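Since the structure comes first, as C-alpha cells, the remarks are kept for the end.
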Amino acid sequence: MSRIALVDVNNCYVSCERLFRPDLLNKPVVVLSNNDGCVVARSAEAKALGVVMGVPWFKLKGFARQHGIVALSSNYPLYADMSNRIMSLLATYSARQEVYSIDECFLDLTEHTHTDLTDYARTMRLQIAKWLGLPVCVGIASTKTLAKLANHVAKKQPLWQGVCDLTALDKSALDALLAEIPVSAVWGVGQQHTQAFMKLGIATVRDLRDADSRFIRKRFSVVLERTVQELRGVVCLSPGWVGCAKQQIMSSRSFGRPVHTFADLAEAVTTYITRAALKLRQQNSLAGAIQVQIRTNPHQPKAPQYNPSIIVPLSQPSADTLMLNAVAVRGLAQIFQPGYAYAKAGVMLLELLPATRAPGDLFADLGHSTRRTTLMHTMDRINGKYGANVIGAGVAGMSERRSWMMKQGQRTPNYTTRWSELAVVQAV
DNA sequence: TCTGGGGTCCTAGGACCC
DNA sequence: TCTGGGGTCCTAGGACCC
C-alpha cells in the first residue's frame, strides 16, 4: 500500500505576513487579491467573524473597520520566497515530492521505514515551525484524494493536533469519520457536483465512496469515477513527482483603471509576454503558439462588452521575448476594437515543448539565434539581480507611463527578497 | 468607484478522411 | 422514394483546484 502525505501551510499568506508583523498575531487579518479586489486569505480570527473567501473588498470595508480587521495587499515575492524555503525543507523528508501549489506539497512516504508516520509528521511540523515560523497541517493516506481529505480533517478537528493518518485507522473508525464529512470537502467535488449529489442522496464522503462507480462515470465523468476509486484506496491520480514542465504558461492582470487605447494594451501585453517568456526559459521550454486575450469589465453589464481572444501560431517554436512579443502584438492588433473600456489583458504560451527537442529551422541564421539566446540569458540575469523589468522589450514602456498597472494600497515590504527592504531590528 | 491569477483535465461537436 | 459508418484531429468551453 502506498502512503502519501499532503503538507499544507495554514492560512498561508496571512501566516507569511505575520512572520514580519508579530503585531498581527491573534488579530483578524485578510490578504487581498491583485488590485485589492477581493479576499484571498483569512486568519482564523477573520474566519470566525464570518468573512468568506472571495468577498470583494469594497463590500467588506465597512465591516472590516467596525471589527478591526486588518487588510493587506498580496505580497507575492514574499510568499514565493517562503514557499521555496518550505519546499526545500520538506524535500528532505522524502525522495519524492510533488509541489502542488504555492503552499502545499505531496510527499511519498511509502518506502519510509517509520511505522508510526504520525510521529514522523509531528517532527516535520516542529521543524517547520522552528526554522521558518510557519504552521502546517499534515494528512496521510494511501491515495492523493484521501491524503487531501486527511489534511482537511487535521485542519478542522483540533483533537488531531495537525496530523491525521488515515492508514492508522481501522475500518469502522474510518467509516465513522468519513460519514461525518460533507461530500463537498472532497478534492474535485465543487459546487455543481455537490448540488447534483444532494439530489441523488449522496451527502457525505462515505456516501460517495460507496456509490456505484459505473453510475458515477455515466452520470458525471471519468474524472469523478476516479475520485470515487481514490476514496476507496485505489490509486488513480498519477503523481507528478519533481519538476514537471508546465503545459501552458499564462500571464494576465486586471488593470488599475479602464484602458481604451491600443498603445496601452500593447504595453500591457508586452509586459505580460516578458513575464511569461521568463517562466518559459526557466523551465527550459519553447512555445509553439500564443493566445492573446483582452476583456471589458463583466461586472458592469450595462457597459458594452467585448471579450475577444486569438491564438497565433509561431512559424518556429521560440523562447525569445522579442519574437514572442512581436507575434503577440500582431495578434492584439487583429482583435483590438476601439470604443471599449478594457479591464484586463492576458497572454498564454501554448504548445510548449522541451528546448532540446526543438525542430531545426532550415532557414535560421545560426549565429543570429545563438546571439539571441545569449541576449535572453543576459536579460534574465540582469532582471534577476536588479528587479524584474529593469531591461525589457521596447514597447513595455517605462514604469511611470504604465498608469494601467494594478493598485496595491496596503502592500508590506519585500522583507526577504530585496536588500533595500529588509526588516530592521532595533535594540531598545 | 471598487469583484484575482494561474493552472489541469475532460468532453462535445465540427471538419475532414476513406 | 431511398443518402453509411467509422475513424482522427482540433477547438471551445466546462468543471475544478489553490
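Since we're looking at a predicted model, the values are computed, not measured. Hydrogens, waters and symmetry mates are skipped; everything else that's a heavy atom, side chains included, is used. To find a chain, count down the sequence lines: A is the first, B the second, and so on, and within it residues start at 1.
- Across C:dA15, B:dG4, B:dC10, the shortest atom-to-atom separation from the side chain of A:Gln192 is found for C:dA15.
- Contact annotation for A:Lys344: backbone-only contact, meaning every heavy-atom pair under 4.0 Å involves sugar-phosphate atoms and none involves a base.
- Among the candidates A:Val52, A:Leu32, A:Val31, the single residue satisfying the side-chain contact (heavy atoms from CB on, under 4.5 Å) test with A:Val39 is A:Leu32.
- Neither OP1 nor OP2 of B:dC2 sits under 4.0 Å from any side-chain N or O of A:Arg257.
- Distance from the side chain of A:Gln247 is smallest to B:dC9 among B:dG7, C:dC17, B:dC9.
- OP1 or OP2 of C:dC16 lies within a sub-4.0 Å distance of a side-chain N or O belonging to A:His193.
- A salt bridge links A:Glu45 with A:Arg18: the closest approach of a Lys/Arg side-chain nitrogen to an acidic carboxylate oxygen falls below 4.0 angstrom.
- Between A:Gln300 and B:dC2 there is a side-chain N or O to OP1 or OP2 distance below 4.0 Å.
- On the C1' atoms, B:dC16 is 16 Å away from C:dG4, given to the nearest whole Å.
- Nucleic acid contact class of A:Val186 (heavy atoms, under 4.0 Å, all strands): sugar-phosphate only.
- Put simply, A:Arg275 has no side-chain N or O that comes within less than 4.0 Å of OP1 or OP2 on B:dG5.
- Backbone-only engagement by A:Trp187 is indicated by non-hydrogen atom pairs under 4.0 Å involving sugar-phosphate atoms exclusively.
- One interatomic measurement links the two molecules: CG of A:Leu149 to P of C:dC17, which rounds to 13 Å at whole-angstrom precision.
- The side chain of A:Ser221 contributes no N or O atom lying less than 4.0 Å from OP1 or OP2 of C:dA15.
- One finds no side-chain N or O of A:Lys148 lying less than 4.0 angstrom from the OP1 or OP2 phosphate oxygen of C:dC17.
- One atom, CD of A:Glu104, and another, P of C:dC16, lie 18 Å apart when rounded to the nearest Å.
- Looking at heavy-atom distances under 4.0 Å, A:Asp36 makes no contact with the nucleic acid at all.
- Each of C:dC16, B:dC10, B:dG6 was ranked by its minimum atom distance to the side chain of A:Arg226; first place goes to B:dC10.
- If you take CD1 of A:Ile86 and P of C:dC18, they are 17 Å apart, rounded to a whole angstrom.
- In this structure, the nucleotide among C:dC18, B:dG7, B:dG5 sitting nearest to the side chain of A:Asn34 is B:dG5.
- Judged by Watson-Crick or G-U wobble contacts below 3.5 Å, the nucleotide B:dC18 has C:dG5 as its partner.
- With B:dG5, B:dT11, C:dC18 as the candidates, the nucleotide lying closest to the side chain of A:Tyr100 is C:dC18.
- If you take CG of A:Asn10 and C1' of C:dC18, they are 15 Å apart, rounded to a whole angstrom.
- Using a 3.5 Å distance cut-off with no hydrogens or angles, the side chains of A:Asp81 and A:Thr416 do pair a donor with an acceptor.
- To the nearest angstrom, C1' of C:dG13 lies 12 Å from CD1 of A:Ile311.
- Taking the six-membered ring for Trp and thresholds of 30 and 60 degrees, A:Phe106 and A:Trp187 have ring planes inclined between 30 and 60 degrees apart.
- Remark: P of C:dC18 and NZ of A:Lys155 are 8 Å apart, rounded to the nearest angstrom.
- Taking the six-membered ring where the residue is Trp, A:Phe220 and A:His193 present perpendicular rings, their angle passing 60° and hence far from 30°.
- Residue-level contact check: A:Ile249 touches the backbone only, with heavy atoms under 4.0 Å from sugar-phosphate atoms and none from bases.
- Within the 4.0 angstrom heavy-atom criterion, no nucleotide atom of any strand lies near A:Val55.
- Residue contacts shown for A:Arg217 are absent, as no nucleic acid heavy atom lies under 4.0 Å away.
- Checking B:dT3, C:dC18, B:dC10 against every side-chain atom of A:Asp103, the shortest atom distance belongs to C:dC18.
- Taking 4.0 angstrom as the limit, A:Asn35 places none of its side-chain polar atoms (N or O) nearer than this to OP1 or OP2 of B:dT3.
- Comparing B:dG5, B:dG4, B:dC10 against the side chain of A:Ser252 picks out B:dG5 as the nearest.
- For A:Gly54 and A:Ser251, each mapped to the nucleotide of DNA chain B holding its nearest heavy atom, the one lying further toward the 5' end belongs to A:Gly54.
- With respect to A:Arg219 and A:Asp212, no salt bridge is recorded, no charged nitrogen being found less than 4.0 Å from a carboxylate O.
- Residue A:Gln248 is in base contact, counting any heavy-atom pair closer than 4.0 Å across all strands shown.
- A straight line from CE of A:Met250 to P of C:dC18 spans 17 Å, rounded to a whole angstrom.
- Using modelled atom types, one finds no donor on one side chain facing an acceptor on the other under 3.5 Å when comparing A:Tyr340 with A:Gln305.
- Residue-level contact check: A:Ser74 touches neither bases nor backbone, having no heavy atom under 4.0 Å from any strand.
- Rounded to whole Å, atom P of B:dT1 lies 15 Å from atom NE2 of A:His299.
- Both A:Tyr76 and A:Val223 sit near DNA chain B, but only A:Tyr76 has its closest nucleotide nearer the 5' end.
- Between the side chains of A:Asp108 and A:Thr110, at least one donor-acceptor pair of N or O atoms lies under 3.5 Å.
- Using a 4.0 Å cut-off, some side-chain N or O of A:Ser254 falls inside it from OP1 or OP2 of B:dG5.
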